[in-house]
Q: 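One structure, pasted below without further comment.
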Amino acid sequence: MTLPWEWVVPLISVAYLGLLFAVAYFADMRADQGRSLISNPYVYTLSIAVYCTSWTFYGSVGRAAVSGIGFLPIYLGPTLMAAIWWPILGKIIRISKDNRITSIADFIASRYGKSRGIAAMVTLIAVVGIMPYITLQLKAVATSLDVLVHHLEYGFSSGHPAAPWGDTALYVALILALFSVLFGTRHLDATERHEGMVAAIAFESIIKLLAFLAVGLFVTFGLFDGPGELFQKTMADPKLKSLMGFGTLSGGYSSWFSLTFLAMMAILFLPRQFQVLVVENVNENHIRKAAWLFPLYLLIINLFVLPIAFAGNLIFPGASADPDTFVLTLPIFGDQQWLALFAYLGGLSAATSMVIVAAIALSTMVCNDLIIPAFLRFHLQVQEDLSGIILTIRRGVILALLLLGYIYFRLIGESHTLVTIGLVSFAAAAQFAPPILLGIFWKGASRRGAIAGLLAGFLIWAHTLLLASFAISGWIPESFLTEGPWGITWLRPYALFGLSVFDPITHSIFWSMLINIGLLITVSLFDRQTAVERIQALNFVNVFEQGARGGEAYLWSGSVSVVDLKRLVARFVGPTRAMRDFDHFITQHRLILPENGIAPSSLVAFAEQRLAGAIGSASARIMIHSIVKGEELDLEGVMRILDQTSQVIEYSQRLEQKSAELEAATRQLKQANTRLQELDRLKDEFISTISHELRTPLTSIRAFSEILRDNEDLPTEERQNFLGIVIKETERLTRLVNQVLDLAKLESGLMEWHPTEVDLAEVTQEAIDVTSRLFENRSVTLENFVPSHPIILTADRDRIQRVIINFLSNAVKFSPEGSGRVEIRLREEPAFIGLEVKDNGPGIQEGEHKRIFDKFHQVRDESGENKPGGSGLGLAICQRIVDHHNGRIWVESGPNLGATFIFVLPLFQPEKKEIAKKEASPSNR
Amino acid sequence: MNHQSADRKKQRLLALCIAGFIALNYPLLSLFDQAELTLGIPVLFLYLFLVWAVIISLIALVMETGQEPGEER
């Protein structure tokens, strides 16, 4: 090739930047027409990819070439953070929109009571922290340009480029400043959104991705025969083989961990990321897609990092080419000049997009939070239109920032690789994480806590990373590193307080985060928040709760006329815009306002917000303060609204609780109702059964009585017989009624119990005596195995006897006449006594075992004969008596095996008190 | 949409973030610290990119299912 590359490359660069101007201009035009190009999740995702700077484009390969996989945490961290963007970023965006927040400094200041001091501090930290990063991009562009031109011109024969080609970095800085000024500061916008800039950086994100992929594909498949061959050749080289594990990673796993953490914080809190993620966000719902599309972008752009790094190491063994420039040198080596040029444009895209966004974000902060407050201090009463001045300030700031970056570049020189400088900036941005993350979830975080944490964190960062890097560059004596400042060894920047187990970045992150978070929490816990702080804390933490906002309207209770307010806003945003915004607000809220009337507090709050969009919340507050006459802050008003808010919250919580209680009550009522219905049904059943049982004897009594009345001439013998039946039936009736009464008493708990010391053997013997007649009548033999020695327990004597009698009479009834055989025995166990009565009758089917203890349940023969003449209440009563004594009653039987009725009683009543209570309770009812 | 499913979504995302952090850090990572090739690709490289891809697909799954855009949060 004989092209004059020396001129072609810069020309193409400028042409490319011209193309960006065109894209941005077109997007701005579309935005003015109301047909936004950028209002979709895909452009949003691409704009977030401003995260991938020249550090990604050139530096990842450089790092991979010396430490293998070590470049990756910087991209894994953002993926992990993207997983929780929905809850965290979503909240930050909503807060920023509600409060018209336009920068990260504004966000933190606004959260902590619209404090001017904190805004200035955050701005300073951001500028000091990000400046090296901007320098890094200038350096990358200048180096890549020089390397490209040199190798295109001379190939690889003459070694490294001898001298920098002119002063490339200066021109780069100036051109980038021009671009940033043109699209970052076209007009003062309340939302500080820059559609043209977003479109341009989204476009650049596409270019850098394509360029990197093109180089990766060429290297992998053009210079090598696919990844298989490439990796195998790498494995064959013992030095490169070590890059495949963690052995070459400086700092090991702790460094891996801290880099992941650092990247998680950086993706949200680097000023440029905050700018694209929060300030330039069009619609919160775009997070939904960006949360996975952005990590996908990172994954794709990182796929070929290792192959390129390995290929570079294989092709340029030793250090014959700088690993940071492999992306350029490999295509040139493969004789693909145009591909190299494309790669260069990709790197240029990566660098310029970062510089532009960072410059705009920083200029907003510097202007709103440092310069305007100082300016207003001296020109508070100037009545002229300030919007033009503000824009001029911003433009000046952008230019100054880039020139500063250039000067820093000249000073720090070649001593640092791309990655190290980038990480230093990440660590500075991480200092913003505690005040923001704690601030949006914890109302208690206070201004003084945030200031203490930020300041301490920043100082530790500056000491352990920034000053240390100065020492490495030779600005300050190297003894600063090795012996500590002034020879104080425990202040050595890489081993603060003697802690020397970490690599420098991890070490700095550990100490700065520990102190930052620690101070923020501790100071907040012992602090008393002012009213503004409390209101802002509520606004931030409860941003998703309806009615949480509104406190600040009460902040201004002094008087100011509508016209004064309008004039103030006009000074900063221009008269036409101010007029339009005010008219809009007034019609929207249906306010009727005379020009010279007193502005309602809601209008004052609106004006403050409108100003905050232009000059930051802290300055806006001061400005409003300067024209509101009377008390600045009506504490009582503030407290009132705070109380109202908390009352409403408390009230709604109480409501929730009440409704939960109601639900529980309803459930209980339902259960009770079901139970009642069941009881009602049982009662009906009971009544119908009992009437039936009563009617049977009554019918026969009546029948026989009628016979006796009507037939006076009946023979005496027959008359006696009939009278006998009547008497028997009457007895049965009496028994039945008694049993029903007993059962009713038992069930209602009205039964009186008389527990005494009882000899069960004796009681059983008595029962046997009582029932002996029955056995004789049916010629059933009774085998008595009851021991003769006394068995003492506490029980109600009569009732227990009744159970035994019931068992015995049942046994007789069901035993076959003549051949019947009944056994009775007592079982003595250590803890309880059992009594069993066994017969040789027909037995009871399995399914009946439980039901025979139900009321009125009678066992019937299948044949229907041999119907026992019982009421069906006996066993039910027995069961209740045994239950009352804490015993158990059951039957063991099978068809044709006879039946054994058993009850067991505990020898010692377990809870005497319980029994006493049961005894006492009936009288209470 | 109700609060409960929105809360559930946030909890799922948080769990995913924590699980991802564990999968991508020591000690699990040390299992793959070997200079060997699997399917022609270094083991460590393969593991990291696979886990990465899985995390991305899970985020997509959680984010893109359930509620409609414009939901209450």
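All of these numbers come straight from a predicted model, not from anything done at the bench. Proteins get letters first, then strands, A, B, ... in listed order; numbering begins at 1 in each.
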Q: Report which part of A:Phe294 has an atom under 4.5 Å of a heavy atom belonging to chain B: side chain, backbone, both, or neither.
A: neither
Q: Let me know if B:Ile18 has heavy atoms under 4.5 Å from chain A in its side chain, its backbone, both or neither.
A: neither
Q: Taking atom CZ of A:Phe257 as the centre, report whether more than 12 heavy atoms of other residues, nucleotides or ligands fall under 6.0 Å from it.
A: no
Q: When rounded to the nearest 0.5 angstrom, what distance separates CG in B:Leu28 from CZ in B:Phe21?
A: 12.5 Å
Q: Counting only heavy atoms closer than 4.5 Å, note whether A:Asn302 contacts chain B via side chain, backbone, both or neither.
A: both
Q: Can you sort out the partners of B:Tyr26 under ring-ring contact (aromatic ring centres under 6.0 Å, His included), two or more places apart, ordered by chain and number?
A: A:Tyr253
Q: In terms of heavy-atom proximity below 4.5 Å to chain B, should A:Leu296 be classed as side chain, backbone, both, or neither?
A: both
Q: Kindly say whether A:Ala64 contributes a backbone atom to a donor-acceptor pair with the side chain of A:Ser67 at under 3.5 angstrom?
A: no
Q: Under 4.5 Å heavy-atom distance to chain B, tell me which part of A:Leu298 shows up: side chain, backbone, both or neither.
A: both
Q: Which distance, rounded to the nearest 0.5 Å, do you find between the CD1 of A:Ile267 and the OH of A:Tyr75?
A: 10.5 Å
Q: Contact part of B:Ala53 toward chain A, heavy-atom cut-off under 4.5 Å: side chain, backbone, both or neither?
A: both
Q: What I want to find out is whether B:Glu64 reaches A:Arg288 closely enough, with some N-O distance under 4.0 Å, to be called a salt bridge.
A: no
Q: Would you please name every residue forming a side-chain hydrogen bond (donor to acceptor under 3.5 Å, both in side chains) with A:Glu229, sequence neighbours left out?
A: A:Lys233
Q: Can A:Tyr51 and A:Thr56 be counted as having a side-chain donor-acceptor contact under 3.5 angstrom?
A: no
Q: Would you mind checking which part of A:Pro41 comes under 4.5 Å of any heavy atom in chain B, side chain (CB onward), backbone (N, CA, C, O), both or neither?
A: neither
Q: Looking at B:Leu13, B:Val51, B:Leu16, which one has more heavy-atom pairs under 4.5 Å with chain A than the rest?
A: B:Leu13
Q: By a 4.5 Å heavy-atom criterion (distance strictly below it), what part of A:Pro227 contacts chain B: side chain, backbone, both, or neither?
A: backbone
Q: Heavy-atom pairs under 4.5 Å with chain A - which of B:Asn25, B:Leu48, B:Leu58, B:Ile41 has more of them than the others?
A: B:Asn25
Q: Can you say whether A:Leu303 sits under 4.5 Å from chain B via the side chain, the backbone, both, or neither, judging by heavy atoms?
A: both
Q: For B:Ile55, which atoms come within 4.5 Å of any heavy atom of chain A: side chain, backbone, both, or neither?
A: side chain
